[in-house]
Amino acid sequence: MTIALWILAAALIVVGIVGTVLPALPGAILVFAGVALAAWIDDFTRISGWTLGVLGVLTIIAWVIDYVAAAAGAKRAGASRQAIVGAAIGTVAGMFTGLVGLIFMPLAGAAIGEYLAQKDALRAGRVGVATWLGMLAGTVAKVAIVFLMVGIFVAALLIA
């Protein structure tokens, strides 16, 4: 049974890493769940409550970044509500269109939403790019946080 739980913990961590770049999966939360399960399996001997606390804070930061980054980029460009909704729709549509769609559909969705709201193609393009840059910056930050979390986990396993 312990082996099955370790496999589940590892699977949660791997799926969480993938989820860091795929919007449908809560990446950092899944990584944290895998690490918490691993700590529990090991009776918190190598992964302490303090380590889990630090990883929990990092998880919350990554989760907040997930929601704030794109909106911050869009708001900085003065995006309308329709642009934000368009970016969200574009993100969901991008999940079904491969890597290129995942990267560019949020930009297109934000630009289309802004164009429908303001009827200004130049403004729509600026809002689309700003939203996309916000999402890109957020993704880079989340990837860095998740790899930091995995690094702390691996170090805790190897050092103790």
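Computed from heavy atoms alone, side chains included, the values below leave out hydrogens, waters and symmetry copies. Every value quoted in this text rests on a predicted model; they were computed, and no experiment measured them.
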Colleague: Going by side-chain contact (heavy atoms from CB on, under 4.5 Å), L148 matches just one of V146, I152, V150. Which one?
Modeller: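 Testing L148 for a side-chain contact (heavy atoms from CB on, under 4.5 Å) against V146, I152, V150 leaves exactly one candidate, I152.
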Colleague: Measure the spacing between CE of M149 and CD1 of I61 and express it to the nearest 0.5 Å.
Modeller: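 The CD1 atom of I61 is 10.0 Å from CE of M149, to the nearest 0.5 Å.
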Colleague: Nearest 0.5 angstrom please: I84 CD1 to I89 CD1, how far?
Modeller: 12.0 Å
Colleague: In terms of hydrophobic clustering (I, L, V, M, F, W, Y; side-chain heavy atoms under 4.5 Å; direct or indirect links), are F147 and F153 co-clustered?
Modeller: yes
Colleague: According to a hydrophobic-cluster definition based on side-chain heavy atoms being under 4.5 Å apart (Ile, Leu, Val, Met, Phe, Trp, Tyr only), do L55 and L158 belong together?
Modeller: yes
Colleague: Could you see if V154 belongs to whatever hydrophobic cluster contains I17? Use Ile, Leu, Val, Met, Phe, Trp, Tyr and a side-chain cutoff under 4.5 Å.
Modeller: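 Result: yes, single cluster for both.
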Colleague: If every non-hydrogen atom of G34 is compared with every non-hydrogen atom of L12, which pair is closest and at what distance?
Modeller: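 The answer is CA-CB, 3.7 Å.
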Colleague: Roughly how far apart are I41 CD1 and L8 CG, rounded to 0.5 Å?
Modeller: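 Output value for this atom pair is 7.5 Å.
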Colleague: Hey, what do you get for CD1 (I7) to OG1 (T2), rounding to the nearest 0.5 Å?
Modeller: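 I7 CD1 to T2 OG1: 11.0 Å, rounded to 0.5 Å.
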Colleague: For residues K142 and I65, report the shortest heavy-atom separation together with the two atoms involved.
Modeller: CG-CG2, 4.1 Å
Colleague: Are V21 and V14 connected, step by step, through hydrophobic side chains (Ile, Leu, Val, Met, Phe, Trp, Tyr) whose heavy atoms are closer than 4.5 Å?
Modeller: no
Colleague: Do V31 and T59 make a side-chain contact, defined as non-hydrogen atoms from C-beta onward lying under 4.5 Å apart?
Modeller: no
Colleague: Just grab all the salt bridge (Lys or Arg N to Asp or Glu O under 4.0 Å) pairs involving residues 81-91, residues at least two apart or on different chains.
Modeller: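 For residues 81-91: none.
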Colleague: Identify each donor-acceptor pair in which a side-chain atom of residues 93-118 lies under 3.5 Å from a protein atom, sequence neighbours left out, and give them as a table.
Modeller:
unit_1 : atom_1 : unit_2 : atom_2 : d
T97    : OG1    : G94    : O      : 3.2
E114   : OE1    : S80    : N      : 2.7
E114   : OE1    : S80    : OG     : 2.8
E114   : OE2    : R123   : NE     : 2.8
E114   : OE2    : R123   : NH2    : 3.4

Colleague: Contact between W40 and I47 at the side-chain level, heavy atoms closer than 4.5 Å - yes or no?
Modeller: no
Colleague: Indicate, with yes or no, if V92 and V18 share a hydrophobic cluster defined by side-chain heavy-atom contacts under 4.5 Å among Ile, Leu, Val, Met, Phe, Trp and Tyr.
Modeller: yes
Colleague: Taking all atoms of both residues into account, what is the closest heavy-atom pair of I145 and L58, and its distance?
Modeller: CG2-O, 3.5 Å
Colleague: Got a sec: does the CH2 of W6 have more than 12 other heavy atoms crowding it under 6.0 Å?
Modeller: yes
Colleague: How about F32 and L52: do any of their side-chain heavy atoms sit closer than 4.5 Å?
Modeller: yes
